[in-house]
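Beneath this line is the structure, given in structure tokens, with notes to follow.
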Amino acid sequence: MSFFINGNIFLYIVFILVHNGNGEECTKVKSDQYYSCEGRNLTYVPTSIPLFIEMLDFSFNFLPSLQKSTFPRLDYLKRLDLTRCHIQYIADDAFHNVRNVTTLILTGNPVSYIGPDGLNSLLKLHRLVLVNTGLHSLNIQLENLTELQELKAGTNNIQSIALPPFMINFNNFCLLDLHVNNISTIKLNQTSVLRGMRANITLILSRNPILHIEPGAFQGIYLEELNILGAFVSSAAKRDGLKALRGLKVGRLSIGNYNFKKTNAAANYLDGLCSMIFKEIYLLRIEKFVSEDMYTCLINATKITLNHCYITAMQHVPFPNLKELYIANSEEPIELEIYHLHSLEKLVVVENRPTLLKGLNYMPNLQHVDLSRNNLVFSQFDCCTQYFIGMPNLRSLNLSDNQNMYLSKNPFAGFSSIEILDVRFTRLGFLSRQFELFKNLKNLKYLDISYSSSNILRTMTFGHLSHLQVLKASGNHFQEDALNYVFVNLTALEILEISDCGILNIEARAFKGLTRLKHLFLSQNKLVVLDFVTHPYVKSLTMLNVERNTISSISNYVLQNLPKNLSVLDLSFNPFDCSCSQIAFISWITSHQHLIQQSNNLFCRQLTQGSKIRVLDYDIESCEHIRRLTIVLSICAVTVLSLGAVLTYKFQFYLRYGCILLRGYKVSRLQEFSYDAFVIYSSKDESWVMNELLENLENGIPPIQLCLHVRDFEVGKTITSNIIDEGIMGSRKIIVVVSQHFIESSWCRFEFEVAQSWLVMQGNANIIIIILEDVEEEKTKKVFGLHKHLKKNTYLKWSGNPLSKMRFWIRLRKAITTGN
Ligand SMILES: *[C@@H]1O[C@H](CO)[C@@H](O)[C@H](O)[C@H]1NC(C)=O
Ligand SMILES: *[C@@H]1O[C@H](CO)[C@@H](O)[C@H](O)[C@H]1NC(C)=O
Ligand SMILES: *[C@@H]1O[C@H](CO)[C@@H](O)[C@H](O)[C@H]1NC(C)=O
Ligand SMILES: *[C@@H]1O[C@H](CO)[C@@H](O)[C@H](O)[C@H]1NC(C)=O
Ligand SMILES: *[C@@H]1O[C@H](CO)[C@@H](O)[C@H](O)[C@H]1NC(C)=O
Ligand SMILES: *[C@@H]1O[C@H](CO)[C@@H](O)[C@H](O)[C@H]1NC(C)=O
Ligand SMILES: *[C@@H]1O[C@H](CO)[C@@H](O)[C@H](O)[C@H]1NC(C)=O
Ligand SMILES: *[C@@H]1O[C@H](CO)[C@@H](O)[C@H](O)[C@H]1NC(C)=O
């Protein structure tokens, strides 16, 4: 059954997807202004698109021919993406209805015809993307697009960088991207427009097969950036090409290769760099060692990046203007001796083969040092004062992902300017146990000692870091109760990460004084309870991450006393106890999914192997059923028991009577009778029984012994026992005094019925019926057996007149005294 339901839902979803895929509806992306019709294979632009949208992604559809009617009027449209729409033909007035567009993307369309006014009507166009459109030249009709800033025409078949003459007036033009075209020669006359343009242009010629550049072609041109990565057919072409670039002024020059070429590099092939002027240079996979000779052409650079290069020492090359030096992924082990670079402000030496750092001395301008991921060992002297001397402006120091760092008593003396210190994943070795590790870092705002194999001791406090805002100490070990003491003075702390520290329990006092703490990361610990979050010490928390702990449930008290501003609570991957006893917690989760943003990652603890059950999927309803069932069953049980008790009480006579009947079979017929007759009567007829019946029978001759329950029943025995033992079984005959009262009394009826059954069983009919007063026939039917006796006329009728009385007594005596 449930399979069918699920199957139907599945089909329904498929139906919705297919239905949407037909493309009637384009979807809103994030804001109201951004619509996407991407990949719907639409052959028209739906008119359902709101008129006020600013961005339309219409990529991957089918619009072979753009006509005036193709686009509905969208006056506010700024960005139109028509990537891969099979566009071949663009009519003159194709963009008439979207003429305010500033960005037009035509990537991947096999455009074979553009009408003269096709693009020209887009007077506000800033960016035109014609990547992979089969363009053969830059002779495009866009003379009216004087606002144009960027023309991206990569991956085409363009052979000349010559721009159409009218572009000389495009004052804001700043990007010409011609990567992967077929440009093999650059001639002087092809650069005249470029030379005449006012703006500083970025020219991208990467991965063109350049063979020859006419010397002086770039003379007097200022480019913001020139990218000629992988742009020469050979090393010789590169050498000659770079020389031909003489006179070019460029802000940032990128040269080198995307892949290493195994060819022999031409001698002095970077010499041409000396004949142009650049500020920043990016060298990628230069074929040969970057030797001291080569550096000579780089000495005026303000920023040098050497990526994937073979580098030799640069300690003898002065770089008087160098502000930033990046060395990454060096192909050889490097020896970093750069203490002569006094102008340096930023040093980034990352991810290199084993690096040898002798130390950085007297670099007064140095602000940022990143030596991460280098396998460095800081061991020679005390780290770190000996390695970093005379850097009064050092603000950030990143020594993360290195091998070892041995710290002695006062490792950061003289580092008072540092605001950011990152040593994560670098193994810290402590040469002394009693010290204040970060004592001198008075301005520190950010400290990362994650996974530094640190044993955080109570004595190793962060006590003086009163400006610290971020402390990341995950993956370490807090010894004994250190956790409760080390954070106390961090009054400015906003973010604390102590994940994966093996923490079993946290006391609220650990956060005493951390009044600004907002984000607390405690994932991958062994926490079981979260009681500390209810304490006022953590009242500012907005984010708490306790994923992958051993929390099986959270108490109601904690749930109701979470910090007021908590907006993110990550409980993912805890072994939650999904049982009916946790309904309150599980329904809390269900109703707080805005708080628990990863609620899909909440799973139930598994006792057996099998597919995981999400907490959200746990069937609370079934608990409700079980609860109800339990209640119903208890009620039933109670009812049955009480009913049983009531019935037992009510029918105790019958039960007893049943017992007696059984007993009766066993007793001998020849039992002694204590009485001649047992009188069954209503207590309301007692006066008649006492005054008339007793008087006449017991005092007459011979005296007849009667059994009356008021007189003869044994005290202490139950009435039922008495009726049977004393009355019925102990008497030869039974006298029944029938009256209105008799009929109405259930006791009397009961006695009568018991007596009848007993006598029937005994095989004799020793019942004598006295009708004391007339009773309606209907009523006599209520008493089982009575009606029968009356019908048979085997009864005596009491009457007030003396003659009848006399006869009555005679007959009664006879009935009692005669045998059966
Ligand atoms: C897209 O539409 C075109 C024209 O309507 C049709 O020829 C083509 O098969 C469709 N492609 C897909 C994947 O539906
Ligand atoms: C382009 O500019 C020319 C000359 O200024 C003008 O005649 C022509 O109408 C313009 N074309 C469009 C489509 O605006
Ligand atoms: C590149 O241009 C040359 C002429 O400069 C031409 O012979 C060659 O066919 C072009 N390559 C491609 C792929 O069009
Ligand atoms: C172009 O570069 C020059 C020289 O560096 C600079 O003064 C000018 O502001 C730049 N112009 C633009 C538009 O960026
Ligand atoms: C570096 O700049 C100086 C002074 O401006 C100049 O004399 C020298 O030629 C430049 N060197 C290089 C390689 O550009
Ligand atoms: C330090 O360097 C590592 C690796 O390069 C980087 O992931 C980390 O973000 C850097 N630390 C800081 C504080 O920037
Ligand atoms: C906390 O700061 C106070 C005052 O700056 C200082 O006296 C105390 O020693 C510090 N506590 C710790 C544990 O460092
Ligand atoms: C909770 O957030 C509000 C609004 O950002 C702020 O005014 C209030 O101080 C915060 N409460 C606590 C306890 O941080």
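Source: prediction; values computed, not measured. Indexing begins at 1, ligand by ligand and atom by atom, following the structure's order.
In summary, E497 and K472 engage in a salt bridge, as defined by a charged side-chain N under 4.0 Å from a carboxylate O. With respect to K187 and E214, no salt bridge is recorded, no charged nitrogen being found less than 4.0 Å from a carboxylate O.
More than 12 heavy atoms of other residues, nucleotides or ligands shown are found within 6.0 angstrom of NZ on K303.
Of all the listed residues (S372, S396, A328), S372 holds the heavy atom that lies closest to atom 4 (C) of ligand 6.
With a 4.0 Å heavy-atom cut-off, ligand 6 is reached by no atom of D448. With a 4.0 Å cut-off on non-hydrogen atoms, R373 touches ligand 6 through its side chain and not its backbone. The proximity of H368 to ligand 6, defined as any non-hydrogen pair under 4.0 Å, does not occur for either the backbone or the side chain. When heavy-atom distances to ligand 5 are checked against a 4.0 Å cut-off, L298 has no atom that comes that close, whether in backbone or side chain.
Listed for the H467 side chain is a donor-acceptor partner under 3.5 Å among the backbone atoms of K442. Formation of a donor-acceptor pair under 3.5 Å by the N109 side chain with backbone atoms of V111 is not found in this model. Panel note: side chain N156, backbone I158; no donor-acceptor pair is recorded below 3.5 Å. For the pair N404 (side chain) and G429 (backbone), a donor-acceptor distance under 3.5 Å is absent.
Within ligand 6, the atoms closer than 4.0 Å to a non-hydrogen atom of R424 are 3 (C), 6 (C), 7 (O), 8 (C), 9 (O), numbered from 1 in the order shown. Contact atoms of ligand 3 toward N157: 12 (C), 14 (O) (distance under 4.0 Å to a heavy atom of the residue). If you number the atoms of ligand 6 from 1 as listed, the ones under 4.0 Å from a heavy atom of I420 come out as 13 (C). Atoms of ligand 6 found under 4.0 Å from any heavy atom of D422, numbered from 1 in the order shown, are 1 (C), 8 (C), 10 (C), 11 (N), 12 (C), 13 (C).
Annotation: atom 3 (C) of ligand 5 to nearest protein heavy atom, N300 ND2, 3.4 Å. Distance from atom 13 (C) of ligand 5 to its nearest protein heavy atom, with residue and atom name: T296 O, 3.5 Å. Nearest protein heavy-atom contact of atom 5 (O) of ligand 3 is Q159 OE1, 3.7 Å. When hydrogens are left out, the protein atom nearest atom 1 (C) of ligand 3 is N182 ND2, 1.3 Å; that is the closest non-hydrogen contact.
Side-chain contact of Y339 with E337: a donor-acceptor pair under 3.5 Å is present, judged by distance alone. Remark: the S474 side chain and the S450 side chain contain no N/O donor-acceptor pair separated by less than 3.5 Å. A donor-acceptor pair shorter than 3.5 Å can be found between the side chains of D500 and Y451.
Using a 4.0 Å heavy-atom cutoff, I277 is absent from the residues neighbouring ligand 5. Using a 4.0 Å heavy-atom cutoff, E351 is absent from the residues neighbouring ligand 6.
N307 CG to S330 OG: the interatomic distance, rounded to the nearest 0.5 Å, is 10.0 Å.
Distances from atom 9 (O) of ligand 5 to the protein include no heavy-atom value under 4.0 Å.
For ligand 6, one of its N or O atoms has an N or O atom of N398 under 3.5 Å away.
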